[in-house]
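Data block below; observations after.
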Amino acid sequence: MTEPPVPDEFSPDAESPDPEPQPESTPSQDPAGESGAGSPALEELPGGVRAAVEAILMVADQPVTEDHLAAVLERPKDLVQRVLVDLRREYDGYTGGNSPTIEPAAPRGFELRNIAGGWRIYSRKHFSSVVADFVLDGRSSRLSQAALETLAVIAYRQPVSRARVSAIRGVAVDSVVRTLVQRGLVVEVETDPVSGAALYGTTALFLEKLGVGSVSELPRIAPHLPGIEALGEYDDTTF
Amino acid sequence: MTEPPVPDEFSPDAESPDPEPQPESTPSQDPAGESGAGSPALEELPGGVRAAVEAILMVADQPVTEDHLAAVLERPKDLVQRVLVDLRREYDGYTGGNSPTIEPAAPRGFELRNIAGGWRIYSRKHFSSVVADFVLDGRSSRLSQAALETLAVIAYRQPVSRARVSAIRGVAVDSVVRTLVQRGLVVEVETDPVSGAALYGTTALFLEKLGVGSVSELPRIAPHLPGIEALGEYDDTTF
Amino acid sequence: MAVRSSERAGEQPVLALEQADPYEPAAADAAQVFAVQLVNFSGPFDLLLNLISRRELDVTEIALAEVTDEFIAHIRRVQAAEGQWKLDEASEFLVVAATLLDLKAARLLPAGTGTVEDEADIAVLEARDLLFARLLQYRAFKEMARELFHRFDDEAGRHPRDVPPAAEITTLLPALHWTSTPEEFAALAARVLAPRSEAPLEVETGHLVSPVVSVSEQSAVLEELLRAGGRMTFRQLTEDAASAAVLVARFLALLELFRDGAVSFEQAAPLDGLVVLWSAGDD
C-alpha cells in the first residue's frame with residue numbers, strides 16, 4: 001500500500017505518540033457542510049469515524065459493504081476503505097507503522113475479514129479451538145424439548161416470526177431459534193414487510209431428518225387446529 | 001484498584017514500549033501441567049490469554065460469566081477477571097496506566113460491560129444512530145405503561161403471584177404478565193406452596209436490558225414509598 | 001355536583017388524559033399493542049393519581065374528596081361508552097368510588113366532636129387508610145416504572161454483539177441425533193399448538209355470590225351443542241345461560257373456537273342474527 005498515513009481525525013488512538021500533530025483537518029472529499037447538521041459530527045465524538053466503523057462492525061452479523069458503511073456514515077467511500085484497512089492491520093497487531101522502533105503490538109483476539117464484498121469481525125482463527133469449546137459447551141447431539149417444540153411451531157406455521165412463536169409457546173424463544181438455525185434445521189426465509197421481523201421456515205435438512213419429501217407432506221395435525229393453510233392470525237393480535 | 005500491574009502474558013499489546021520485558025511467566029495459580037498437554041498453551045499464541053478472552057467474547061450471545069470463561073480457558077478465575085477489567089479499561093481508552101507521558105488513546109467504538117452477572121461486548125452508546133441501521137430486528141418495540149408498571153412490581157416484589165401484582169395495580173394483569181413472559185423479561189420462578197399459584201421473578205435478560213448487574217443493583221424504591229416498612233406487607237395481609 | 005363534573009368532562013375529552021402520559025411518547029401505540037387496558041386508564045389508581053396530578057394536588061384526604069366527582073363521572077362515561085363493564089375490572093373501580101364517596105360525605109358532615117362515634121365511622125376511617133396505603137404504594141411503583149423506562153431507553157442506545165461464530169466452528173457441532181417419526185413430530189406440534197388453558201388467576205371471590213364461570217367449560221358446552229346441532233344461532237346457544245357471566249363466557253368461548261378454526265359464522269345482513277357452524281371435523 002502506498003497510501004499516505006491515515007489522517008488524524010479517524011485514528012486518534014494511534015499507539016505511537018504523534019510527534020507532529022496534524023492540524024484539525026476535514027476529510028478531503030467531504031464538503032464541510034454535507035453531513036447532518038443536527039447531530040454532532042462523527043469527527044467530534046470520541047474515537048471519530050474510526051470508532052463509528054468499529055461500532056457498526058461489532059454488531060453487524062453479516063459482512064458489511066463499504067458502500068453501505070459510506071452511506072450510513074455519510075462519508076466518502078475511500079475514507080471508509082482506508083479506515084477498514086487500517087483497523088484490520090491494527091487488529092492484526094501492526095501499529096501506526098511509521099515508528100519501527102516501537103515494539104509491535106500483539107494481535108487482538110478478533111480479526112476483520114474482507115469476504116464476499118463485505119467486512120465482518122470474526123474470532124481470530126488460531127483461537128478456533130477455545131472458541132469451539134465455548135460454543136459447543138453443553139451442546140448435545142439431541143435437541144432439547146424446548147428446541148423440538150419450537151421447531152414444531154415453525155414447521156407448522158412457517159413462515160413465522162420469533163415473536164409469534166413466542167406468543168404460541170408462551171416463552172421467549174430467541175436462543176432456541178438460534179440453536180435451530182445453527183443446527184441448520186430452520187432458516188430465515190423472508191422479512192415481514194410490515195414489522196421488518198425475520199420470518200423463519202424449515203430447511204431441506206429438516207425434511208431429510210424427518211424423512212418426508214416436502215412441507216406439504218407433514219402429517220396433518222388434529223382437526224381442532226387450523227392447518228397450515230388456515231394460518232390463524234390470532235397471535236398477531238396480541239402484539 | 002490496588003492490583004499489581006497486569007502481567008505481561010496477557011497484555012502484550014500495551015501501548016507503551018515495555019522497558020523491561022517480564023520473563024515468560026505462567027499464571028500464578030495455574031500449575032503448569034494442568035492445561036491440555038496436546039495443544040499449544042494459550043500463552044504461546046499471539047495475544048495470549050487476553051486475545052483468547054476476546055475471541056470468545058466475539059461469539060457470545062449473552063453475558064459470559066467469569067466462571068464460564070475460566071472453565072473453557074482452563075485458567076484461574078482471578079486471572080480471567082483481571083483480563084476482563086483490563087480489556088474494559090483499554091476499550092474505554094485508557095492505556096496501560098504506567099506511562100502518564102503517553103497521550104491517552106481514544107475509546108474504541110465498542111465497550112465491554114459487566115452486566116447481568118457476565119461480560120458482553122456492546123457498541124458504544126454515542127454511535128447508536130449509525131449502528132441502529134445494522135441491528136434492526138424487530139426486538140426494539142417498547143413496553144406499554146401497563147407492562148412497565150407490572151414489570152416494576154414484579155422486579156421489586158419477586159417472587160410474586162399475579163394476584164398480588166393485580167392487587168397492587170388495581171387491575172387484572174394476566175395478559176400483561178403473559179406478554180412479559182413471552183418477551184423473556186419475567187419467568188415463573190416457583191409455585192406458592194399454599195395457593196399453588198405461579199410466582200414470577202425477573203430474568204437475566206431483564207437485567208441486561210436494564211444494564212445492571214443483579215437485582216440488588218436496581219434503583220432503590222424506598223424514597224418513593226414513604227413508610228414502606230409499614231405498607232410493604234399490606235398486600236400480603238389482605239390478599 | 002354531577003352537572004359540574006360532566007361539564008368539565010365535556011371540556012376535557014377522555015382521550016386527552018391518556019395522551020398526557022409524561023414518560024412514554026409512544027404510549028398510545030404501545031398500549032394497543034400489548035394489553036387490553038380498561039378504557040384509557042390502567043385501573044382506578046391510575047385514574048385517581050392522574051386526576052389528582054391534573055389539579056396539582058398532593059395525595060391527601062382533601063385531594064381525594066375533591067376529585068371524587070370527576071372519578072365517578074369518568075367511570076360513568078366509560079360505562080356509557082362500553083355499554084357494560086367487565087366484571088373484574090369494574091369491581092376495583094366501584095370499591096374505590098364507594099370509598100371516595102364515603103370520604104367526601106364525611107367531610108361534608110359537621111365536624112362533630114372529633115371522636116369516633118360509631119362503627120360506621122370506624123369503617124370509613126379504615127377504608128380511607130386502606131385507600132391511602134394502596135394509592136401510595138401504587139404511586140411508588142408507577143415512579144419505579146418511570147425509572148425503569150428511562151433506564152431501558154438509555155440502554156437501548158447500546159447494542160450487544162450477537163453474532164454467530166464462523167461457519168467452520170458450527171460445523172464442529174456433534175451430529176444431530178434425530179429419533180422422531182413424522183407422526184410423533186405431528187403429535188408434538190398438535191400439543192404445542194393447542195390453545196393453552198391458562199391457569200386461572202386466583203381472584204379473591206369471597207365477596208361474590210355467583211360461582212366463577214370458566215370460558216373453557218363453556219367452550220365444552222358449546223362444542224357439545226354444536227356437534228349435535230350442526231348450525232345454531234347465537235341466541236340458541238345462549239338461551240340456557242343462567243347469568244350474564246355465563247353469557248359473556250359463551251361469547252368469549254365462541255371467539256376462541258373461531259380463532260382455532262373450529263367454528264365459522266354466518267350473518268345474512270348487518271345486525272342480523274348470527275349463525276354459528278361447527279367446522280372442525282370429529283376427532
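What you are looking at is a predicted structure, and each value in this text was computed from that prediction instead of being measured. Every chain is numbered from 1 and lettered A, B, ... according to where its sequence line falls, protein lines coming before strand lines.
Using a 4.5 Å cut-off between heavy atoms, A:Ile56 contacts chain B through both its backbone and its side chain. Looking at A:Leu136, there are no atoms closer than 4.5 Å to chain B (heavy atoms on both sides), in backbone or side chain. Of the two parts of B:Ala71, neither the backbone nor the side chain holds a non-hydrogen atom closer than 4.5 Å to a non-hydrogen atom of chain A.
Looking at A:Arg75, its side chain never comes within 3.5 Å of a backbone N or O of A:Ala70 through a donor-acceptor pair. Side chain of B:Thr202 to main chain of B:Ala155: no donor-acceptor pair is present (N/O by atom type, distance under 3.5 Å, no hydrogens or angles).
Listed options A:Val131, A:Thr191, A:Val135 were ranked by heavy-atom pairs under 4.5 angstrom with chain B; first place goes to A:Val131.
B:Val64 has its side chain out of reach of B:Arg120: every pair of non-hydrogen atoms, C-beta onward, lies at least 4.5 Å apart.
For the side-chain contact (heavy atoms from CB on, under 4.5 Å) test with B:Ser166, the passing option among B:Val173, B:Val176, B:Val177 is B:Val173; the others fail.
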